[in-house]
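To find a chain, count down the sequence lines: A is the first, B the second, and so on, and within it residues start at 1. Since the structure is predicted, the reported quantities are computational estimates derived from the model, not experimental observations.
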Number of protein chains: 2
Amino acid sequence: MALVVQKYGGSSLESADRIKRVAERIVATRKAGNDVVVVCSAMGDTTDELLDLAQQVNPVPPEREMDMLLTAGERISNALVAMAISAQGAEAWSFTGSQAGVVTTSVHGNARIIDVTPSRVTEALEQGYIALVAGFQGVSQDTKDITTLGRGGSDTTAVALAAALNADVCEIYSDVDGVYTADPRIVSNARKLDTIPYEEMLELAASGSKILHLRSVEYARRYGVPIRVRSSYSDKPGTTVTGSIEEIPVEQALITGVAHDRSEAKITVTGVPDHAGAAARIFRVVADAEIDIDMVLQNISDTAGRTDITFTLSKANGPKAVSELEKIKEELDFSAVLYDDHVGKVSLVGAGMRSHPGVTAAFCEALAKVGVNIEIINTSEIRISVLIRDEQLDDAVRAIHEAFELGGDEEAVVYAGSGR
Amino acid sequence: MALVVQKYGGSSLESADRIKRVAERIVATRKAGNDVVVVCSAMGDTTDELLDLAQQVNPVPPEREMDMLLTAGERISNALVAMAISAQGAEAWSFTGSQAGVVTTSVHGNARIIDVTPSRVTEALEQGYIALVAGFQGVSQDTKDITTLGRGGSDTTAVALAAALNADVCEIYSDVDGVYTADPRIVSNARKLDTIPYEEMLELAASGSKILHLRSVEYARRYGVPIRVRSSYSDKPGTTVTGSIEEIPVEQALITGVAHDRSEAKITVTGVPDHAGAAARIFRVVADAEIDIDMVLQNISDTAGRTDITFTLSKANGPKAVSELEKIKEELDFSAVLYDDHVGKVSLVGAGMRSHPGVTAAFCEALAKVGVNIEIINTSEIRISVLIRDEQLDDAVRAIHEAFELGGDEEAVVYAGSGR
């Protein structure tokens with residue numbers, strides 16, 4: 001008998017009908033002899049509807065109250081799933097994140113899990129119940145206020161619970177049936193991976209893949225929780241995320257997949273006087289606005305002793321970063337702040353890069369062959385990322401996927417609405 | 001500076017717009033120098049929508065999960081009101097019933113408050129915040145599960161908080177602007193009462209008046225909390241419920257008002273053999289089905305030693321009571337169970353009855369004058385109730401209201417949707 005943790009996202013729960021189907025799967029898993037813990041996100045549009053109501057009463061709602069409001073969504077979906085399970089012959093209790101012992105920092109809207117002490121969940125399992133736990137939420141260790149966990153919070157809740165309960169697996173259900181060598185909507189012969197080690201999944205998640213959130217993969221790696229990515233619309237086994245690249249013999253190490261990201265924009269601060277501290281000041285100003293930076297490029301200074309500093313960031317933060325930089329224009333005496341939101345990032349991930357020095361060359365050649373120009377390049381031990389024009393992203397993804405022979409023989413199955 | 005507890009019902013909160021208006025009133029109360037605690041019900045249709053979703057996934061939803069589901073409604077409304085208050089320049093924190101220290105029995109769907117320890121509420125007030133507390137809910141002392149309080153639960157939450165905090169007043173807001181001498185939709189010159197003692201309000205509530213729920217008035221009387229019934233659509237002072245009939249000099253004691261009730265049905269068990277224990281068996285069977293009985297009438301037995309036993313109960317319980325009684329028909333050897341759901345109850349309430357022996361006679365004469373036949377009569381020290389044909393209720397209410405000269409000179413103001 002295994003202990004299985006399952007997580008269902010909002011689109012898997014968007015109606016009473018979908019809820020009943022999810023309940024069928026949960027009950028089947030229980031009846032197969034497993035202990036089952038389920039984490040549910042809020043139903044389909046609930047979170048957006050609540051956000052809209054909030055906006056109507058206050059354009060800048062206080063964060064503590066936003067967390068009190070949004071967490072109602074998960075309370076509703078988990079109670080309904082518990083009821084559906086009960087109608088199908090098994091017994092279930094639902095718990096809030098707080099009741100399930102998810103203890104967090106105090107940062108409303110983006111809290112981090114400090115600890116998980118799921119005694120009420122364990123008790124429910126011991127009594128033969130299925131336990132539902134509201135995802136995306138916990139309780140602050142210091143203030144005892146309810147908190148939400150930020151993007152990917154339900155995935156993180158599920159993995160953290162699986163770690164605390166020493167579960168055999170954490171199954172993440174959505175409308176995609178696994179991790180592919182590239183987005184199947186772009187590359188028709190993209191292949192579904194059977195397994196993928198944690199580090200490669202981390203790189204894919206950081207490079208734009210929306211299958212799993214970075215934080216949940218990090219948590220799974222730290223605690224050794226196997227994650228299985230599956231579709232709630234089929235019985236296919238999905239992709240298992242487990243193991244370390246260290247365990248893969250160097251000779252066997254492969255190139256795993258291609259990720260792409262359309263969510264970034266590029267900022268270039270031009271004509272920056274090339275003295276110590278200028279770049280630091282630019283990055284400090286952006287950091288103080290609580291904006292994360294991704295790729296960075298600094299030109300060699302020209303004869304006038306000036307240089308351009310370029311970096312990428314999330315498009316959502318673009319306007320704010322530009323405005324913060326304009327404020328120090330006089331102080332630093334630079335020429336201008338340029339903003340370009342027609343960029344895209346494409347990345348190749350694979351443990352095999354460590355042992356194959358020609359990978360970077362082959363990567364750049366594949367792009368050149370389809371006329372794609374590289375604006376910034378950034379690498380890690382097992383990843384190469386480049387910034388290019390966003391309208392060339394599809395061509396670039398296909399070119400790289402083909403150059404590294406990642407494709408399978410079957411046409412990839414694309415579900416309606418897939419792509420998370 | 002006073003400590004004011006305010007309660008707003010679902011129709012006062014049915015849209016973002018109404019929520020903003022309620023927030024205006026709350027902020028005004030705070031800015032007048034008071035400490036303010038607010039209890040909100042769920043927004044307008046939320047509870048019904050959640051009940052509907054529940055029905056779709058399980059026709060007989062487990063009660064624990066029903067409480068987990070329904071309490072999301074109050075969480076949403078209280079967080080939104082807190083946000084609206086914040087947009088208007090005051091600060092507010094919302095709390096669930098559990099967070100506010102409302103401790104209850106374990107009976108899901110109909111829990112009773114055991115204790116209220118509102119330390120987080122007090123702390124919020126001390127820091128200058130307005131405290132919002134979700135009505136209709138608490139946490140079970142034994143199981144630590146979330147519970148809901150049954151009908152009128154939000155009124156009870158408000159009064160219980162007011163008692164625990166030693167508040168100066170508990171204001172209950174709805175779309176009616178006070179307690180009237182009769183339902184203003186039936187009696188056009190019904191008069192709004194300025195004050196009414198607890199015992200009379202209890203009798204009115206028990207006799208069909210929907211202004212305040214019985215349990216909350218009982219709670220208020222026990223702990224000496226003044227209740228003010230006001231409209232959320234105007235600034236009128238409303239009706240204050242406070243004081244005991246003992247404090248009213250006998251000479252001054254008045255007849256206060258007329259209540260009516262369309263929610264009851266009548267059951268008659270005919271041809272019951274007139275021996276000791278027959279009536280007891282009938283009432284026991286009904287009680288074991290957890291059904292409350294209101295008025296009772298037992299005829300004198302006829303020459304055959306048989307009698308009819310009649311009682312009233314809520315229409316909702318009618319079918320169940322009939323079916324339980326049919327089960328003991330053979331055992332008790334009675335003739336039949338008759339069911340009549342075209343009855344109505346009309347009651348006259350007033351401390352003055354204690355000292356005026358002619359009241360019952362005048363009451364019956366007033367009804368006879370308009371051709372209303374009395375089927376059952378039931379009295380307490382300060383109330384007379386009769387069961388009549390439901391189609392005669394309006395005539396009866398008007399006749400009694402006029403006979404006891406309860407009317408005022410002004411036409412009663414009837415708000416759209418009033419009558420709760």
Side-chain angles (χ1 to χ4, degrees), chain A residues 13 15-23 42-43 46 49-50 52-88 91-96 98-99 120 123 129 132 134 139 143-146, chain B residues 13 15-23 42-43 46 49-50 52-88 91-96 98-99 120 123 129 132 134 139 143-146:
Chain A
L13 300 165
S15 65
D17 223 62
R18 289 296 308 148
I19 284 177
K20 286 193 277 193
R21 297 221 178 290
V22 160
M43 288 174 73
T46 304
E49 286 167 4
L50 291 174
D52 186 61
L53 268 175
Q55 280 287 314
Q56 288 186 54
V57 300
N58 187 335
V60 190
E63 294 179 327
R64 178 197 186 279
E65 298 305 321
M66 187 59 93
D67 280 356
M68 284 295 275
L69 179 70
L70 295 182
T71 48
E74 284 79 25
R75 191 189 199 88
I76 290 170
S77 59
N78 281 278
L80 287 171
V81 174
M83 289 179 183
I85 288 170
S86 181
Q88 296 178 26
E91 285 313 314
W93 280 337
S94 71
F95 299 98
T96 59
S98 170
Q99 289 173 323
R120 291 181 76 171
E123 207 177 288
Y129 282 71
L132 282 305
V139 63
T143 65
K144 302 291 182 275
D145 284 334
I146 300 303
Chain B
L13 301 165
S15 65
D17 224 60
R18 289 295 310 148
I19 284 176
K20 286 193 278 193
R21 300 223 178 288
V22 160
M43 287 174 73
T46 305
E49 286 167 2
L50 291 174
D52 186 60
L53 269 175
Q55 280 288 312
Q56 287 185 55
V57 301
N58 186 335
V60 190
E63 292 178 330
R64 179 196 186 279
E65 298 306 319
M66 186 60 94
D67 279 358
M68 284 294 276
L69 179 70
L70 294 183
T71 48
E74 284 78 26
R75 190 188 201 88
I76 290 170
S77 60
N78 281 279
L80 287 171
V81 174
M83 289 180 185
I85 288 170
S86 181
Q88 294 178 28
E91 286 310 318
W93 280 339
S94 70
F95 300 97
T96 59
S98 169
Q99 289 174 324
R120 291 181 78 171
E123 206 178 287
Y129 282 71
L132 282 306
V139 64
T143 65
K144 302 290 179 277
D145 284 332
I146 300 303

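Note that A:Arg64 lies in the cation-pi zone of B:Phe95, set by a 6.0 Å cut-off to the ring centre and a 45° limit from the axis.
Within the 4.5 angstrom heavy-atom criterion, only side-chain atoms of B:Ile19, from C-beta onward, approach chain A. Neither the backbone nor the side chain of A:Thr46 comes within contact range of chain B; no heavy atom of the residue lies under 4.5 Å from a heavy atom of that chain. Heavy-atom distances place no part of A:Gln88 under 4.5 Å from chain B, backbone and side chain included. B:Thr96 touches chain A through backbone and side chain together, each having a heavy atom under 4.5 Å away. Residue contact with chain B, scored on non-hydrogen atoms closer than 4.5 Å, is absent for A:Ala23. Interface remark: A:Asp67 contributes no atoms to any contact with chain B (heavy atom separation under 4.5 Å). Residue A:Met66 touches chain B through both its backbone and its side chain, counting heavy-atom pairs closer than 4.5 Å.
Taking A:Ser98, A:Ser94, A:Ala82 one by one and counting their heavy-atom pairs under 4.5 Å with chain B, the maximum is reached by A:Ser94. Ranked by heavy-atom pairs shorter than 4.5 Å toward chain B, the options A:Asp145, A:Asn58, A:Leu50 are led by A:Asn58. Options B:Ile85, B:Ile146, B:Asp17 differ in how many heavy-atom pairs under 4.5 Å they form with chain A, and the most are formed by B:Ile146.
Sorted by first then second residue, the side-chain hydrogen bond (donor to acceptor under 3.5 Å, both in side chains) pairs that include residues 74-85 of chain B, not counting sequence neighbours, are A:Thr71-B:Arg75.
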Hey, mind stepping through B:Val57 and A:Lys20 against side-chain contact (heavy atoms from CB on, under 4.5 Å) and telling me if it holds? CA-CA 6 Å; B:Val57 301; A:Lys20 286 193 277 193; 4.3 Å; yes
Test A:Leu132 against B:Glu65 for side-chain contact (heavy atoms from CB on, under 4.5 Å), laying out the working first. CA-CA 11 Å; A:Leu132 282 305; B:Glu65 298 306 319; over 6 Å; no
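Summarising the local packing, CZ of A:Arg120 is surrounded by more than 12 heavy atoms from other residues, nucleotides or ligands at distances under 6.0 Å.
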